[in-house]
2 protein chains.
Amino acid sequence: MSQEMEYHISEQRLHIRQIVIDAIAETMDLYGGTPSSGQLYGIMFFENKPMTLDEMKVRMNMSKSNMSYAVRSLVESQMVKKLEEKQDRKELYVAEVDFFHTFQNFFTLKLQREINVMTEAISKALLELTEIIIDEHITDQERNLALQDLYKLRHGQTYYEWLQKFVDALKQEEYFKDFA
Amino acid sequence: MSQEMEYHISEQRLHIRQIVIDAIAETMDLYGGTPSSGQLYGIMFFENKPMTLDEMKVRMNMSKSNMSYAVRSLVESQMVKKLEEKQDRKELYVAEVDFFHTFQNFFTLKLQREINVMTEAISKALLELTEIIIDEHITDQERNLALQDLYKLRHGQTYYEWLQKFVDALKQEEYFKDFA
DNA sequence: CAATCCGTACAATTAATACTGTACATTATA
DNA sequence: TATAATGTACAGTATTAATTGTACGGATTG
């Protein structure tokens with residue numbers, strides 16, 4: 001086979017990868033990332049070895065500084081792992097290529113944060129609402145208004161209890177059982 | 001009870017609401033919204049009647065134009081419903097107050113979009129990769145590289161088959177069964 | 001059917017975020 | 001311990017997104 005032909009095949013394979021990488025970049029917003037962090041994850045997804053910041057810099061045609069930030073956010077949402085070992089002093093990063101894990105990691109992380117923030121706020125609100133309601137000096141109208149809010153928040157509370165169980169089940173891989 | 005006291009209670013109840021509204025605004029990023037669209041949803045969550053754009057404008061202290069955009073994005077992610085009927089020519093909007101439904105609506109919508117975009121890209125990529133692989137003129141090395149990509153995408157494909165089932169189950173309220 | 005008013009598209013502005021270049025702390029190497 | 005090189009903080013720039021004001025199409029009323 002000619003050199004040109006080999007080159008052509010190589011180019012074509014990169015083009016095929018790019019189709020998928022672009023799709024990842026397009027859907028990255030659901031995971032709170034920018035298109036370019038989607039591109040980066042896509043590149044790392046196909047790379048069959050760990051990457052250094054310098055390699056990312058070249059492949060993304062961006063500054064190393066920015067790669068440092070981008071990869072950090074990917075690490076934070078656990079789509080990329082930082083390895084313990086280094087290569088020629090350089091840190092190594094590798095993409096989580098198993099989408100089951102990325103799904104699991106991302107949603108347990110983000111939903112847990114929501115649960116924490118919301119349950120704290122709701123608890124605090126319920127406590128203060130109760131104080132209003134049991135106050136003997138308020139009008140019936142005020143009490144009823146406070147009660148309305150209280151019922152809504154109680155319902156919210158049950159939701160977050162459910163969501164906590166959902167997240168726990170996700171952690172335990174309950175939903176993956178009959179698969180993969 | 002004095003007027004001042006009543007006023008105080010009213011203020012206090014609004015303050016309590018604000019605690020929860022701020023928490024919603026803070027976690028809104030998980031749902032692809034801005035803090036201000038979170039504020040808007042929070043306000044509508046506590047409002048016990050449908051709201052008009054003008055009311056939102058006042059409550060949010062923002063332009064009507066912007067309220068039009070903000071509420072549209074909330075309607076698109078199905079956290080807010082536009083009612084059929086109007087009030088004095090004005091359109092009416094009401095928040096989905098059941099978090100079980102907001103969860104269900106949002107994730108079936110967004111995950112389905114991801115499934116569609118990704119499966120299309122993966123299918124296309126697999127087709128083109130297969131063409132490379134069955135080509136008798138390529139080197140073993142090239143074939144193996146193509147095969148590596150193919151295996152990864154095959155695995156991705158199984159993931160999206162699972163995710164489709166997950167979304168379907170979410171639609172069917174499978175995960176809510178023992179609750180709410 | 002004229003007058004009014006709602007909602008939204010669009011351009012302009014403002015705010016937020018992404019990205020770059022540099023400088024420096026830290027760590028590894030010799 | 002001196003030297004070299006990595007990764008990141010930070011300030012500055014560019015790009016993107018959010019918000020405003022305006023103008024206008026379309027619907028509604030009288």
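Protein chains get the first letters and strands the later ones, always in sequence-line order, with residue 1 at the start of each. This structure is a prediction, so every number in the text was calculated from the model and none was measured.
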Just the rounded figure in Å: distance from [atom2] of [N] to [atom1] of [X].
X     : N      : atom1 : atom2 : result
B:D29 : D:dA17 : CG    : C1'   : 15 Å
A:E85 : C:dA28 : CD    : P     : 14 Å
A:Q87 : D:dG7  : CD    : P     : 11 Å
B:N61 : D:dG21 : CG    : C1'   : 15 Å
A:E55 : D:dT6  : CD    : P     : 12 Å
B:M62 : C:dA15 : CE    : P     : 12 Å

[X] side chain near [Y] side chain, heavy-atom distance below 4.5 Å:
X      : Y      : result
B:I24  : A:M118 : yes
A:I43  : A:M60  : yes
B:E128 : A:I19  : yes

Worksheet entry | Aromatic ring pairing A:F99/A:F45, orientation class (parallel under 30°, perpendicular over 60°, tilted between) |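 The arrangement is parallel - the two ring planes meet at less than 30°.
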query: Closer than 4.0 Å, any side-chain N/O of B:N66 to the OP1 or OP2 of D:dT20?
result: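 B:N66 to D:dT20 OP1/OP2: side-chain N or O found under 4.0 Å.
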*Contact under 4.0 Å: B:S36 side-chain N or O vs D:dA18 OP1/OP2*: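 No.
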Heavy-atom contacts, protein to nucleotides 1-10 of chain C, under 4.0 Å, summarised as B (base), S (sugar-phosphate only) or - (none) per nt, yield ---BBSBBBB
Kindly state whether the ring of B:F107 and the ring of B:F166 have centres lying under 6.0 angstrom apart.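 Between B:F166 and B:F107, which both carry aromatic rings, the centre distance is not below 6.0 Å.
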For [X] and [Y], which I'm curious about, is there any donor-acceptor pair between the side chains at under 3.5 Å?
X      : Y      : answer
A:N48  : B:Q148 : yes
A:Y160 : A:E114 : yes
B:E120 : B:N116 : no

Please report the end-to-end axis angle for the helix from C:dC1-D:dG30 to C:dA30-D:dT1, five pairs per end, rounded to 10 degrees.
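Helix axis angle between the two ends: 30°.
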Salt-bridge criterion met for A:D149 and A:K152 (N-O under 4.0 Å):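 Salt bridge absent between A:D149 and A:K152.
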